[in-house]
Amino acid sequence: MAAAVQQQQAMQKNTLYVGGLADEVNESILHAAFIPFGDIKDVKTPLDQANQKHRSFGFVTFLEREDASAAMDNMDGAELYGRVLTVNYALPEKIKGGEQGWAAHPLWADADTWFERQQQEKEMLKIQAENKAAMETAEELHRKKLAQDRQGEMEEDTDIKDDPMARAEADALNNGNA
């Protein structure tokens, strides 16, 4: 696996992105423009599906990294068919479907992980619902406790008003503090 990644990275350093191509430029003209810098492995100009013309850019892959570097140094900013070229190292090719790369393997290939993710989501929702219910229960118990405490305070106040001795003690305390 690591060798394949290294080979792909090495290949990317050999591949140049060439932007700003004129409509007249085709793969053979692009090949002829870059062959002075070294042996070329591949030339591609992706086509626009709507009009079957290239999309004003292409890729040139050299056999040697040094040749690609020399071509980039010399051709970036150069003119071809009246258009100024932009030449950089090509970015790694992106596969549709992100990391999974679903364009590269059958649709059913990730069925097991899909079912696993669905099960994990169900379990997560269940845990969240249980946590929410526990929080609501705790809040309800807290409200009841506060209500009981308030009720107890009110009963103490009413006990003082109804009990003549308690009222006399409260009056004596109040008069003693005043």
Side-chain angles (χ1 to χ4, degrees), residues 1-140:
M1 181 71 174
V5 171
Q6 285 178 334
Q7 183 182 7
Q8 184 180 15
Q9 287 174 344
M11 178 63 103
Q12 294 305 320
K13 294 293 183 181
N14 294 0
T15 303
L16 298 177
Y17 163 85
V18 183
L21 297 179
D23 289 338
E24 301 85 26
V25 176
N26 58 26
E27 289 179 357
S28 62
I29 292 171
L30 195 58
H31 186 277
F34 281 83
I35 194 69
F37 302 103
D39 293 331
I40 294 176
K41 180 179 178 182
D42 191 28
V43 176
K44 291 182 184 173
T45 53
L47 297 179
D48 184 351
Q49 296 300 322
N51 60 18
Q52 292 301 309
K53 292 183 178 182
H54 68 75
R55 297 165 18 191
S56 75
F57 67 89
F59 299 96
V60 179
T61 303
F62 286 87
L63 291 176
E64 300 294 326
R65 181 181 301 191
E66 295 80 24
D67 296 340
S69 178
M72 183 175 70
D73 291 341
N74 288 288
M75 293 298 285
D76 187 37
E79 198 172 303
L80 183 65
Y81 282 79
R83 303 271 302 265
V84 177
L85 299 179
T86 302
V87 181
N88 300 325
Y89 287 116
L91 296 175
E93 189 174 339
K94 300 242 191 276
I95 298 174
K96 292 179 183 172
E99 293 176 5
Q100 298 297 316
W102 51 258
H105 64 275
L107 180 61
W108 59 87
D110 68 344
D112 292 337
T113 58
W114 183 85
F115 285 117
E116 191 175 297
R117 284 192 312 268
Q118 295 299 315
Q119 191 64 30
Q120 289 172 349
E121 286 178 24
K122 285 180 184 177
E123 288 177 24
M124 185 60 85
L125 290 173
K126 180 182 172 186
I127 290 170
Q128 287 174 344
E130 289 172 356
N131 287 345
K132 184 178 178 184
M135 289 294 290
E136 288 173 354
T137 303
E139 287 175 3
E140 184 63 29

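Heavy atoms only: backbone and side chains are in, while hydrogens, waters and symmetry mates are out. Note that the coordinates shown come from a computational prediction; the quantities given were computed from them, not determined experimentally.
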>> Within the 4.5 Å heavy-atom criterion, are K126 and K122 side-chain neighbours or not?
In response: no
> Looking at CD1 of I29 and CG of L80, how far apart are the two atoms once the value is rounded to the nearest 0.5 Å?
Replying inline: 7.5 Å
> With sequence neighbours excluded, what pairs up with I40 under the side chain to side chain contact (heavy atoms under 4.5 Å, CB included) test?
Replying inline: H31, F34, I35, V43, V60, F62
> What closest approach, in Å, do M75 and A33 show between heavy atoms, and which atom pair accounts for it?
Replying inline: CE-O, 4.1 Å
> With a 4.5 Å heavy-atom cut-off, do Y17 and Y89 have their side chains touching?
Replying inline: no
>> How long is the straight-line distance from NZ of K41 back to OG1 of T15, given to the nearest 0.5 Å?
In response: 8.0 Å
> Between P46 and G58, which heavy-atom pair has the shortest distance, and what is it?
Replying inline: CD-CA, 4.2 Å
> Out of curiosity, E66 CD to N14 CG, how far, rounded to the nearest 0.5 Å?
Replying inline: 8.5 Å
>> Restricting to side chain to side chain contact (heavy atoms under 4.5 Å, CB included), what partner residues turn up for E79, sequence neighbours left out?
In response: none
> Measuring from E139:CD to M135:CE, what's the distance to the nearest 0.5 Å?
Replying inline: 5.5 Å
>> I need the L30 CG to F59 CZ distance, nearest 0.5 Å.
In response: 11.0 Å
> Nearest 0.5 Å, what's the CD-CD distance between Q128 and E121?
Replying inline: 10.5 Å
>> With a 3.5 Å distance limit and no angle check, can you tell me whether E27 reaches the backbone of T45 through a side-chain donor-acceptor pair?
In response: yes
>> Can you tell me which residue among V25, L21, D76 is in a side-chain contact (heavy atoms from CB on, under 4.5 Å) with L85?
In response: L21
> Minimum heavy-atom separation for G20 to R83, with atom names?
Replying inline: O-CB, 3.2 Å
> Quick check: does any side chain N or O of T137 sit under 3.5 Å from a backbone N or O of A133, one acting as donor and the other as acceptor?
Replying inline: yes
